[in-house]
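The next block holds one structure in the form of structure tokens; read it before the comments.
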Amino acid sequence: MPDSRYYLTTAIAYANSRPGLHTLYEVVGADAITRSHRMRGDDTFFLTGTDEYSVNIATTANRLGKTPRAFVDEMVELFRSAEGALGIAPDRFIRTTDPDHIRAVHEMLRRAYANGDLYQGTYEGWYCPNEGFKAPSDLIEDAAGVHCPNHPGVELQWLTERNWFFRLSAYQERLERYYAEHPDWVQPEYRKNEMLGFIRQGLEDFSVSREKAPWGIPFPIMPDGSSSQLPDGSWNPEAGTVYVWFDALTNYVTGVGFPDDPARFERWWPADLHIIGKDINRLHTIMWPAMLMSAGLPLPRKVWVHGWLLVQGERMSKSRGNFLDPQAVVAALGSDGTRYALLREVAFDRDTDVSWDSFVRRYNADLANDFGNLVNRTLSMTARYLGGERVPCRPADETPLAPEWRAARAGHEAKLDAFLLHDALAALWEFVGAANRFVDAEQPWVLAKAARDGDERAAERLRGVLGDLLEACRLIGFAAAPFIPNTAPRVAAQLGVPYPYAPDGSVGPRLDGLLEWGSGPRGGRIGTPEPLFPRLETEAELAQA
RNA sequence: GGCGGAGUAGCUCAGUGGUAGAGCAGGGGACUCAUAAGCCCUUGGUCGGUGGUUCGAAUCCGCCCUCCGCUACCA
């Protein structure tokens with residue numbers, strides 16, 4: 001029985017169009033972290049999903065002649081299938097339109113109200129009749145005045161609404177204290193410092209409801225404080241709808257049973273890790289904790305803020321149109337190839353410039369040439385020189401590979417614990433390099449020739465060397481499994497060793513034990529070698545051909 | 001404007017006082033088990049500029065230039 005639990009989340013993706021690779025990047029990273037916890041024996045819960053309410057989505061659906069619900073259903077299908085193609089295995093895919101989420105949002109608001117943190121006020125700003133209220137930063141201002149970038153011909157109105165506000169201003173000191181007492185709760189460090197700076201500038205209350213945005217969760221409280229639920233169970237439209245913050249952020253508690261299943265919620269909350277993009281840092285590390293404090297709930301243990309994928313220095317995004325289609329990348333690199341290229345090529349703690357070419361280069365260099373070829377040459381030599389006998393490795397104190405493994409494994413695990421996934425893979429691949437150098441240093445083909453000529457010592461050494469290499473391949477395959485979950489079982493099968501984990505990484509023994517040098521099963525035969533990661537032709541090579 | 005960060009080989013970056021590094025890309029070589037992969041060697045940088053501290057600075061301090069992040073109602 002696992003003795004520790006681990007709950008992690010991604011941000012929920014805005015379901016306003018098909019998913020881009022940049023959106024899924026975060027989910028792939030979270031999935032790799034999830035699998036590493038499952039395989040180390042933690043009882044793990046991984047939540048991801050979609051954010052489906054907004055004026056924007058209702059407008060888009062309307063333009064397409066669909067109901068908002070039908071539209072988001074289609075978008076969600078695209079997200080789920082793209083995630084499936086990438087081997088993402090969440091324990092729950094949450095949608096903000098899920099019925100239990102509505103109950104959770106209502107409960108969070110009731111608690112905030114009961115705590116005196118909600119009050120009625122007026123919100124005013126530019127209002128686009130097609131999209132609703134617009135932030136000043138989202139508007140274009142020129143000689144003709146202010147207008148909406150999406151609807152330049154539509155005249156904006158300066159509207160005032162009566163809205164509910166959340167008393168964020170009351171939480172400044174509590175937040176500062178929490179940051180002081182939990183110095184690494186937001187990481188990387190520089191992201192925490194940005195938020196601290198923001199808090200110290202002073203916090204303003206924010207509005208949490210909208211009067212004129214029907215595609216949203218009904219606001220549960222009437223202006224007089226009474227419930228907005230009508231006798232027939234429906235909600236009074238006069239109460240308006242819940243605005244984005246409570247609607248979206250609350251998903252993290254909904255996902256683990258709030259408020260329907262107190263026992264389950266007690267088990268999983270607080271989350272161990274929220275993984276988010278830098279653009280929503282403030283929501284997660286200032287507004288969300290204040291909302292939780294107001295509700296009397298503990299705060300997540302850590303928020304990790306990753307950067308963006310850049311294309312020639314510009315943020316990859318749907319609106320810029322410079323995003324990669326995840327399905328197209330998977331078609332080219334495969335599911336695991338895409339996962340690896342993403343997580344190795346993109347630094348998890350900052351922005352990184354990427355390109356199709358950078359992914360292909362990374363795939364070819366690390367997966368096809370270094371790791372895939374290592375496995376292939378090891379198996380091929382075992383088949384040719386030893387008739388496919390799966391010879392055992394030498395004891396750790398009799399092979400130079402064992403100390404190399406110890407060092408690489410330590411580096412890998414340290415970086416993984418620090419959420420530096422790219423560095424974790426780099427550390428592991430140090431050992432791939434060491435194993436390849438080991439082959440050339442030992443020259444098994446020379447040993448094999450000598451053995452054929454009757455050299456007993458050469459025959460013995462050949463068995464030891466290939467045994468070490470088979471072990472090296474096994475160790476790399478298992479250690480890399482959270483990153484390349486579809487390939488890891490294939491590596492095991494080719495090596496002729498059992499793969500004791502379920503497809504989502506659960507069930508099996510603690511990975512720790514399997515990562516000890518010499519812990520593989522003895523005896524048996526290898527499977528059939530076949531390339532794990534076929535080499536891709538680069539665009540330059542294709543042009544020459 | 002305020003606060004913070006960064007400018008090091010073609011590219012991505014490591015390197016916080018003591019003779020400039022890694023990976024990838026480029027060039028050469030020896031081998032042959034392998035996915036024409038791997039291995040070995042190698043080209044390449046006045047470490048943004050400038051002044052200073054020091055026996056000695058990419059590394060510390062001042063000034064300047066350039067770029068970037070944060071600076072609230074977008075999901």
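All chains are named by letter (A, B, ...) in the order of the sequence lines, taking the proteins before the strands, and each is independently numbered beginning at 1. Computed from heavy atoms alone, side chains included, the values below leave out hydrogens, waters and symmetry copies.
Positionally, the nearest nucleotide of RNA chain B for A:D351 lies more toward the 5' end than for the other of A:D351 and A:V446. Taking for each of A:N373 and A:G433 the nucleotide of RNA chain B with the nearest heavy atom, the 5'-most of the two is the partner of A:N373.
For A:F198, counting side-chain heavy atoms from C-beta on, the closest listed nucleotide (B:A72, B:C24, B:A34) is B:A72. Counting only heavy atoms from C-beta on, A:M381 has its side chain closest to B:C33 among B:C33, B:C31, B:C70. In the set B:C13, B:C73, B:C70, the nucleotide with an atom closest to the side chain of A:M195 is B:C70. Here the side chain of A:F165 is nearest to one of B:U35, B:C24, B:C73, namely B:C73. Nearest to the side-chain atoms of A:Y385 among the listed nucleotides B:G38, B:A72, B:C33 stands B:C33. Closest contact between the side chain of A:N376 and the listed nucleotides B:A34, B:A14, B:C73 involves B:A34.
The separation of B:G51 from B:A57, taken at their P atoms, amounts to 13 Å, rounded to a whole angstrom. B:C55 and B:C60 have their C1' atoms separated by 16 Å, with the value rounded to a whole Å. B:C65 and B:G23 have their C1' atoms separated by 31 Å, with the value rounded to a whole Å.
Ion pairing between a basic and an acidic side chain is recognised when a charged N comes within 4.0 Å of a carboxylate O; A:R461 and A:E442 show such pairing. Ion pair A:D440/A:R377 flagged as a salt bridge, since at least one NZ, NE, NH1 or NH2 atom sits closer than 4.0 Å to an Asp/Glu carboxylate oxygen.
Between A:R384 and B:A34, a side-chain N or O to OP1/OP2 separation shorter than 4.0 Å is present. For A:R210 and B:C73, the shortest distance from a side-chain N or O to OP1 or OP2 is not below 4.0 Å. Taking side-chain N and O atoms only, A:R535 has a distance below 4.0 Å to OP1 or OP2 of B:A37.
Put simply, CZ on A:R437 is 22 Å from P on B:C33, counting in whole angstrom units. If you take CG of A:D366 and P of B:G38, they are 10 Å apart, rounded to a whole angstrom. Separating the CD atom of A:E314 from the P atom of B:C68 is a distance of 11 Å, rounded to the nearest angstrom. Atom CG of A:D370 and atom C1' of B:C39 are 11 Å apart (whole Å).
Among the atoms of the strands shown, none is found under 4.0 Å from any heavy atom of A:N193. Contacts of A:L374 with the nucleic acid, taken as non-hydrogen atoms under 4.0 Å apart, are absent. Contact annotation for A:S207: base contact, defined as any heavy-atom pair under 4.0 Å involving a base atom.
B:C73 has no stacking from A:F206 on its base ring, since the centres under 5.5 angstrom apart and planes within 30 degrees of parallel are not both found.
Under the Watson-Crick or G-U wobble criterion, with both distances below 3.5 Å, B:C33 is left unpaired in every strand shown.
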